[in-house]
Amino acid sequence: MSDQALTDRANAAFWDELCGTSMAQVHGVTDSSPESLARFDRAYLDFYPYLSGYLPVEMTGERTLEIGLGYGTLGQLIAERGADYHGLDIAEGPVAMMRERLARLGVREPQQRVRVGSALRIPHHDASFDRVVSVGALHHTGDLTGAVGEVRRVLRPGGSALVMVYNRRSARRAGLWLRGLPSRLRGRGAEHEAAVRRRYDHNSEGGEAPATEFVTASQARALFGGFDSVRVRRENFDHLRLGPWIARREQLLGAPARLAGLDLYLTAVK
Ligand SMILES: C[S@@+](CC[C@H](N)C(=O)[O-])C[C@H]1O[C@@H](n2cnc3c(N)ncnc32)[C@H](O)[C@@H]1O
């Protein structure tokens, strides 16, 4: 089996537990009843208050593909804004969750619209979407460059992509780099690298995501070099503790996030 096939298989198993499960637990969400999902969605959109603003309020008729579905909050929002929504995820769990959400919204054919498959082989024709949305997923595929190429392939000329990838030059990574120095000096670079991946994504057993790539803003721009235009904006921050001084995360989502935020949001037009 190729390295990529092994990564795909590991991803399908790891992400079967919905990404967002720890947030769900914090908010007492343990089932997928409409009330529970509404509670989860409020918590998720409060935690990422900038996220919904990256998409138009009105998406009626826009053929939109979301890749990497997790708990499905963003997918539901896209469908509620009127888009002709399609979803893709490598794991069964998020696919089942999104189908359930679409069925509840009364969207036709949720089984056909939301599919299990890889971002590296998107099961759709060239130039078949007006918009592709992928938040926090393409950097887990094991081949970010290939995934961006696939996004470009399925977009029509003039279509747009919204992609979030992790920022290599974030305050969090700088802190982790410093803390990891002793391990790396002792030749335990691989352990440190796994700990970094775990800090970003872990399941309820404490395991780290099988693959995670980090890119700088200029690397991200280069990845989207085949597009007509690309804009990059940094978002998201951890709370900060410096001795007795603590800055809450909400206070850091403005200028500090613009400078050294955790995530890069790329808005690109083909
Ligand atoms: C960190 S979660 C993000 C989920 C959601 N977009 C969010 O922001 O909460 C990553 C998602 O990407 C999916 N994923 C990972 N590798 C993938 C691949 N090769 N193809 C498609 N989806 C993939 C995972 O199954 C998971 O649902």
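Both counts, for ligands and for their atoms, begin at 1 and track the order of listing.
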Provide the number and element of each atom of ligand 1 under 4.0 Å from a heavy atom of Tyr44. 7 (C), 8 (O), 9 (O)
What one should report as the nearest heavy-atom pair of Met59 and Ile78 is CE-CG2, 3.9 Å
Would Arg172 pass as a cation-pi partner of Tyr166, given that its NZ or CZ must be under 6.0 Å from the six-membered ring centre and within 45 degrees of the axis? no
Show which atoms of ligand 1 fall inside a sub-4.0 Å distance from at least one heavy-atom site of Cys19. 1 (C), 2 (S), 3 (C), 4 (C)
Based purely on interatomic distance, does Gly70 place a nitrogen or oxygen under 3.5 Å from a nitrogen or oxygen of ligand 1? yes
Applying a strict 4.0 Å limit to heavy atoms, is Gly117 in contact with ligand 1? yes
Ring centroid separation Phe129 to His86 under 6.0 Å: yes
Can you sort out which atoms of ligand 1 are near Gly136, meaning under 4.0 Å from one of its heavy atoms? 1 (C), 2 (S), 3 (C), 10 (C)
Return yes or no for this condition: an N or O of Ile67 is under 3.5 Å from an N or O of ligand 1. no
For a salt bridge (charged side-chain N to carboxylate O under 4.0 Å, His left out) with Asp126, tell me which candidate from Arg153, Lys270, Arg156 qualifies. Arg153
Taking side chain as C-beta onward, heavy atoms only, is Arg234 less than 4.5 Å from Leu264? yes
Run the numbers for me: atoms of ligand 1, each under 4.0 Å from some heavy atom of Pro94, listed by number. 27 (O)
Show which atoms of ligand 1 fall inside a sub-4.0 Å distance from at least one heavy-atom site of Asp201. 1 (C)
Any heavy atom of Leu120 closer to ligand 1 than 4.0 angstrom? no
Cluster link Met98 to Leu138, ILVMFWY, side chain under 4.5 Å: no
Would you say the side-chain atoms of Arg63 pair up with the backbone N or O of Ser128, donor to acceptor, closer than 3.5 Å? yes
Co-membership, hydrophobic cluster, residues Val132 and Val163, 4.5 Å side-chain: yes
Checking heavy atoms under 4.0 Å, the part of Ala119 that sits near ligand 1 is both
Record the part of Tyr71 in heavy-atom contact with ligand 1 below 4.0 Å; permitted values are side chain, backbone, both and neither. neither
What protein heavy atom sits nearest atom 12 (O) of ligand 1, and how far away is it? Ala137 CB, 3.3 Å
Would you indicate which of Gly146, Gly68, Ser118 comes nearest to atom 19 (N) of ligand 1 when only heavy atoms are counted? Ser118
Within the 4.0 Å heavy-atom cut-off, what Leu69 brings close to ligand 1 is backbone
Where ligand 1 meets Asn11 - atom numbers and elements under 4.0 angstrom, heavy-atom basis: 16 (N)
List, one per line, each side-chain donor-acceptor pair under 3.5 Å for residues 36-43, sequence neighbours excluded.
{"unit_1": "Ser36", "atom_1": "OG", "unit_2": "Asp31", "atom_2": "OD1", "d": "2.4"}
{"unit_1": "Ser36", "atom_1": "OG", "unit_2": "Ser33", "atom_2": "OG", "d": "3.0"}
{"unit_1": "Arg39", "atom_1": "NH1", "unit_2": "His27", "atom_2": "O", "d": "2.7"}
{"unit_1": "Asp41", "atom_1": "OD1", "unit_2": "Thr73", "atom_2": "OG1", "d": "2.7"}
{"unit_1": "Asp41", "atom_1": "OD1", "unit_2": "Arg101", "atom_2": "NH1", "d": "3.4"}
{"unit_1": "Asp41", "atom_1": "OD1", "unit_2": "Arg101", "atom_2": "NH2", "d": "2.9"}
{"unit_1": "Asp41", "atom_1": "OD2", "unit_2": "Arg101", "atom_2": "NH1", "d": "2.8"}

Can you report which non-hydrogen protein atom sits closest to atom 26 (C) of ligand 1, along with the distance? Asp89 OD2, 3.6 Å
Looking at Gln219 and Phe214, what are the two nearest heavy atoms and their distance? OE1-O, 4.2 Å
Less than 6.0 angstrom from the centroid, inside 45 degrees of the normal: does Arg249 satisfy that with respect to the ring of Phe237? no
Identity and distance of the protein heavy atom lying nearest atom 17 (C) of ligand 1: Ile90 CG2, 3.6 Å
